[in-house]
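Since the structure comes first, as structure tokens, the remarks are kept for the end.
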Amino acid sequence: MKNTFLILLIAFIASSCQQKTQQSFAFADTVEMEEEISPMTRQEEIMPPAPPTPPVENKEVIKKKIIKDGSIEIEVQELNKTKAQVDSSVAKLGGYYASEKLNNTNWETSYNLKIRVPSSNFERLILSLESGDGEIKYKEIDARDVTDQFIDIETRLKNKRNYLQKYNDLLKQAKSVKDVLEIEEKIRVIEEEIESSTGQLKYLSDLVDYSTLNLTITKTKDYKYTPKKRGAFIERVKTALLKGWIGFVDFMVFVVKVWPFWIILFFVIHFWKKYRRRKKDKK
């Protein structure tokens with residue numbers, strides 16, 4: 001019995017030692033795996049990931065609203081030829097004459113032209129004038145940025161239309177005559193403001209789309225004194241007598257015309273003389 005007990009005890013001890021050995025090996029493998037993984041995990045804790053890239057916003061590109069205009073004065077030798085060239089250039093570039101004026105004096109002959117041309121062709125028109133015949137005496141070109149003004153009018157116009165829609169909705173819900181009249185008055189004022197803003201917007205759009213050029217083409221003349229023609233002596237005497245008679249008749253007509261003043265003057269003189277006599281008699 002003792003031998004059997006000893007054999008069982010030895011077998012139990014050996015089994016326990018084998019389990020401990022297997023657990024130690026398993027613990028060692030676990031430690032090695034943790035050592036392989038832990039550096040990456042610590043580095044991630046030390047260095048946080050980069051923040052996500054913000055989304056790109058598609059900003060609306062605002063088109064500039066530029067008003068271009070100017071004035072040019074050119075002195076030429078052949079006025080009619082230059083005018084024909086300007087007519088051809090204006091027609092080719094899609095422009096037109098807003099006004100055209102001819103001045104012919106003893107010193108010079110000139111054309112004053114107000115040209116409206118699409119703004120995209122404004123520089124081409126100026127280039128064609130500068131490259132043509134003649135000497136440029138004066139030139140001034142202006143460019144005005146009205147983008148802010150354009151945006152301001154559009155914004156106010158949009159707000160007014162929104163207010164108009166709200167008042168129209170209120171008008172449908174109005175129950176008394178007083179409310180209807182008040183809302184209709186508000187609507188009338190807003191509609192007038194919308195019409196005014198729309199007109200301003202159209203005016204600015206026209207100035208932006210079509211540029212204005214005031215062009216003066218001048219040809220200088222050699223001044224010659226031309227005396228006035230005078231008639232024969234007898235004719236001049238007749239004319240003088242006729243003008244004298246006409247003047248006398250006009251004077252007589254004027255005297256008759258103011259007859260009430262002559263009557264008043266007569267009574268004033270009469271009473272004045274009478275007053276002077278009485279004064280002398282008293283002395």
Side-chain angles (χ1 to χ4, degrees), residues 58-158 192-230:
N58 294 327
K59 295 184 178 180
E60 184 180 356
V61 179
I62 300 176
K63 185 179 179 181
K64 290 288 186 180
K65 303 293 184 180
I66 307 296
I67 297 176
K68 300 177 183 178
D69 50 24
S71 300
I72 296 179
E73 182 179 351
I74 304 175
E75 185 176 344
V76 299
Q77 297 297 326
E78 298 180 6
L79 185 64
N80 294 330
K81 179 182 177 181
T82 304
K83 177 61 168 55
Q85 292 175 351
V86 174
D87 294 342
S88 177
S89 298
V90 170
K92 188 183 299 182
L93 297 176
Y96 64 93
Y97 290 126
S99 65
E100 180 177 350
K101 184 179 180 182
L102 174 65
N103 294 320
N104 190 8
T105 65
N106 293 330
W107 298 273
E108 66 180 14
T109 304
S110 63
Y111 276 103
N112 294 325
L113 308 172
K114 185 175 182 180
I115 304 173
R116 300 296 308 281
V117 67
S119 56
S120 57
N121 294 331
F122 185 63
E123 286 78 8
R124 294 177 60 188
L125 176 61
I126 296 175
L127 182 61
S128 67
L129 295 173
E130 293 177 340
S131 60
D133 299 333
E135 180 182 0
I136 296 179
K137 293 293 186 179
Y138 175 80
K139 176 182 177 182
E140 182 181 4
I141 305 298
D142 294 325
R144 293 173 290 159
D145 189 350
V146 293
T147 306
D148 294 339
Q149 186 177 355
F150 207 94
I151 294 175
D152 180 62
I153 294 176
E154 284 185 330
T155 303
R156 286 190 284 121
L157 187 60
K158 182 179 179 181
E192 290 179 355
E193 293 176 351
I194 289 175
E195 186 177 354
S196 176
S197 299
T198 304
Q200 293 179 8
L201 206 59
K202 289 182 179 179
Y203 177 71
L204 284 178
S205 298
D206 179 68
L207 293 179
V208 170
D209 295 338
Y210 275 80
S211 299
T212 303
L213 179 66
N214 295 310
L215 175 63
T216 302
I217 310 172
T218 305
K219 178 184 178 182
T220 304
K221 293 181 180 180
D222 295 331
Y223 178 72
K224 295 180 180 180
Y225 173 72
T226 304
K228 294 182 179 180
K229 292 183 179 181
R230 309 184 73 176

Flag side-chain contact, heavy atom, 4.5 Å: [X] against [Y]:
{"X": "Val117", "Y": "Val90", "result": "no"}
{"X": "Leu113", "Y": "Lys83", "result": "yes"}
{"X": "Val86", "Y": "Ile115", "result": "yes"}
{"X": "Tyr111", "Y": "Thr82", "result": "no"}
{"X": "Leu204", "Y": "Gln200", "result": "no"}
{"X": "Lys81", "Y": "Asp133", "result": "yes"}

Set out, in order, the CA-CA distance, both residues' side-chain angles and the distance that settles side-chain contact (heavy atoms from CB on, under 4.5 Å) for Leu215 and Ile74, then state yes or no. CA-CA 8 Å; Leu215 175 63; Ile74 304 175; 4.0 Å; yes

For [X] and [Y], indicate whether the former's side chain and the latter's backbone hold a donor-acceptor pair under 3.5 Å.
{"X": "Arg116", "Y": "Tyr210", "result": "yes"}
{"X": "Ser196", "Y": "Glu192", "result": "no"}
{"X": "Ser197", "Y": "Ile194", "result": "no"}

Quick one: [atom1] on [X] to [atom2] on [Y], what's the gap to the nearest 0.5 Å?
{"X": "Leu93", "Y": "Ser211", "atom1": "CG", "atom2": "OG", "value": "11.5 Å"}
{"X": "Thr198", "Y": "Glu195", "atom1": "OG1", "atom2": "CD", "value": "7.5 Å"}
{"X": "Glu130", "Y": "Leu125", "atom1": "CD", "atom2": "CG", "value": "10.0 Å"}
{"X": "Tyr138", "Y": "Thr218", "atom1": "OH", "atom2": "OG1", "value": "13.5 Å"}
{"X": "Ser89", "Y": "Asn121", "atom1": "OG", "atom2": "CG", "value": "11.0 Å"}
{"X": "Thr220", "Y": "Leu79", "atom1": "OG1", "atom2": "CG", "value": "10.5 Å"}

Can Lys64 and Asp145 be said to form a side-chain contact (heavy atoms from CB on, under 4.5 Å), step by step? CA-CA 7 Å; Lys64 290 288 186 180; Asp145 189 350; 3.5 Å; yes

Do Lys139 and Ile126 pass the side-chain contact (heavy atoms from CB on, under 4.5 Å) test, and can you show the C-alpha distance, the side-chain angles, and the key distance before you say yes or no? CA-CA 10 Å; Lys139 176 182 177 182; Ile126 296 175; 4.1 Å; yes

Tell me, yes or no, whether the heavy-atom count around [X] atom [atom1], taken from other residues, nucleotides or ligands under 6.0 Å, exceeds 12.
{"X": "Lys114", "atom1": "NZ", "answer": "no"}
{"X": "Glu100", "atom1": "CD", "answer": "yes"}
{"X": "Gln77", "atom1": "CD", "answer": "no"}

Using side-chain contact (heavy atoms from CB on, under 4.5 Å), reason through Leu213 and Leu129 one step at a time and then give a plain yes or no. CA-CA 11 Å; Leu213 179 66; Leu129 295 173; 3.6 Å; yes

Checking salt bridge (charged side-chain N to carboxylate O under 4.0 Å, His left out) for the pair Arg156/Asp152: CA distance, chi angles, key distance, verdict? CA-CA 6 Å; Arg156 286 190 284 121; Asp152 180 62; 3.1 Å; yes

Name the residue from Asn106, Asn104, Thr105 that meets the side chain to side chain donor-acceptor pair (under 3.5 Å) definition with Lys221. Asn104

Report all side-chain donor-acceptor pairs from residues 65-73 shorter than 3.5 Å, counting only partners two or more places apart or in another chain.
residue	atom	partner	partner atom	Å
Lys68	NZ	Glu123	OE2	2.9
Asp69	OD2	Arg144	NH2	3.3

Any idea which heavy atoms bring Gly94 and Pro118 closest together, and the distance? O-CD, 3.4 Å

